[in-house]
Q: 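Sharing a structure, written as structure tokens. Questions coming.
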Amino acid sequence: MISNAEDMMELHWLFDMLQHIDVGLVVLDENYEIKLWNSFMENHSGVSSSIAKERSLFDVFPTINKPWLERKLDNVIALRTPIFVSWEQRPHLFPFKSYRPITSMADNMYQNVALRPISHVDGTVKHVCLVVYDVTDVAINKASLSSANDKLDQLSKIDPLTQLHNRGSLDKILKNTFNTFQVSQKPCSLVMCDIDFFKKINDQYGHPVGDSVLRKVSRLIASNVRSSDFVSRYGGEEFVILLPNIDVDGASFFCEAVRKKIAATKIILPNQAGEVSVTMSFGVSQLSPSDKSVSEWLNRSDAALYQAKDNGRNQYVAVR
Ligand SMILES: Nc1nc2c(ncn2[C@@H]2O[C@H](COP(=O)(O)OP(=O)(O)OP(=O)(O)O)[C@@H](O)[C@H]2O)c(=O)[nH]1
């Protein structure tokens, strides 16, 4: 008798704890009717246990993907094995609001859900228990970590002064372009360009003014390319522009257009220091099947740029 009373007490305690545990507990029968609905489910859904019980889960939550969940529940019963649905596959099963102040960045509660078969005393399985875990904190932390990583990744590819791609990302894209060219053989041109007598700007107006000229020239170049082109700061006042699907004649046309625009632009200096104009010299060459490496191609455009400087600057030289 004592043992029976103790058992009853234990059962009562267990039931009380399950009712108030900070995890959602739902028991469904084979027809998806709710047989148990603990206080976590009541608090987050606003649906009391007395209202939820004996109703189909899909009537209480019409937005749940019925065919998908039915398939899962049927499998749990037929195979007698649990199934786990992670928030990464499906952010939530139950459309609950997120209520934690620390996770206010999320409107909805992210959930991991375990679907477990429940055996009857005779060994048959006709019920499934859904265990719903609130994993909003984990999801939000992961999302902010991945957004911070994306930002860092982005920063590592960008030149901070000009906001153009930096040398590292240029090296990567040139390598990829070179490898793709071995198969596609589609024309691709590379322009190296450099501001003429830039040292004079620094000497005359100071380094900060030189910086603002670099920024302006970068914006001018970037606003004159197609979205598939790649503009990078190679170093100092030197830039490299990659023009996919453009042969050396098309690239020459592009250089001439940009050259004219830059030469015609008056750059307003900061702090009412007046205005300056700059010119640029350009060297251009096309990737050739005989190139054994990216450097051979780069060196050709570089040599053309120095030729343009030697010829008097403010011009392009193309290697054909
Ligand atoms: N303001 C500023 N100047 C830079 C930066 N990087 C390089 N420079 C300057 O760019 C100038 C480049 O000078 P040079 O290589 O002699 O070239 P240049 O005066 O443009 O002459 P040419 O190229 O022969 O026409 C140097 O004075 C560098 O200090 C930068 O980030 N900001």
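In what follows, every heavy atom counts, from backbone to side chain, and hydrogens, waters and symmetry copies are set aside. Both counts, for ligands and for their atoms, begin at 1 and track the order of listing.
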Q: Whether the side chain of W37 engages the backbone of V47 through a donor-acceptor N/O pair (distance < 3.5 Å, no angle test) should be reported.
A: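 Indeed, once roles are kept as given, a pair shorter than 3.5 Å links the two residues.
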Q: With backbone taken as N, CA, C and O and side chain as the heavy atoms from C-beta onward, which portion of V209 lies under 4.0 Å from ligand 1: side chain, backbone, both, or neither?
A: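 The answer is neither.
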Q: Could you tell me whether R313 approaches ligand 1 through its side chain, its backbone, both or neither, with non-hydrogen atoms closer than 4.0 Å?
A: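 The part of R313 near ligand 1 is the side chain, not the backbone.
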Q: What do you reckon, does M280 put a non-hydrogen atom under 4.0 Å from ligand 1?
A: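 The answer is no, since M280 has no heavy atom less than 4.0 Å from ligand 1.
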Q: Can you confirm, on distance only, whether ligand 1 has an N/O atom lying under 3.5 Å from any N/O atom belonging to G236?
A: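 Not met; the criterion fails.
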Q: Going by heavy-atom distance to atom 27 (O) of ligand 1, choose the closest among R215, E237, K199.
A: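 Among R215, E237, K199, the closest heavy atom to atom 27 (O) of ligand 1 belongs to K199.
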Q: At their closest point, which heavy atom of A263 faces which heavy atom of T279, and how far apart are they?
A: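 Heavy atoms only, the tightest pair is CB-CG2, 4.2 Å.
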Q: Which one holds for D211 and ligand 1: side chain close, backbone close, both close, or neither close, with close meaning a heavy atom under 4.0 Å?
A: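 Both backbone and side chain.
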Q: Where's the contact between I195 and ligand 1, heavy-atom distance under 4.0 Å: side chain, backbone, both or neither?
A: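 For I195, the contact with ligand 1 is made by the backbone alone.
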Q: Would you say ligand 1 has an N or O under 3.5 Å from any N or O of L161?
A: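 The answer is no, given that L161 and ligand 1 share no N or O pair closer than 3.5 Å.
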Q: List the closest protein heavy-atom neighbour of atom 5 (C) of ligand 1: residue, atom name, distance to the nearest 0.1 Å.
A: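 The protein heavy atom lying closest is R233 NH2, 3.8 Å.
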Q: Report yes or no: do D74 and Y32 form a side-chain donor-acceptor pair below 3.5 Å?
A: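 Distance-only check passes for D74 and Y32.
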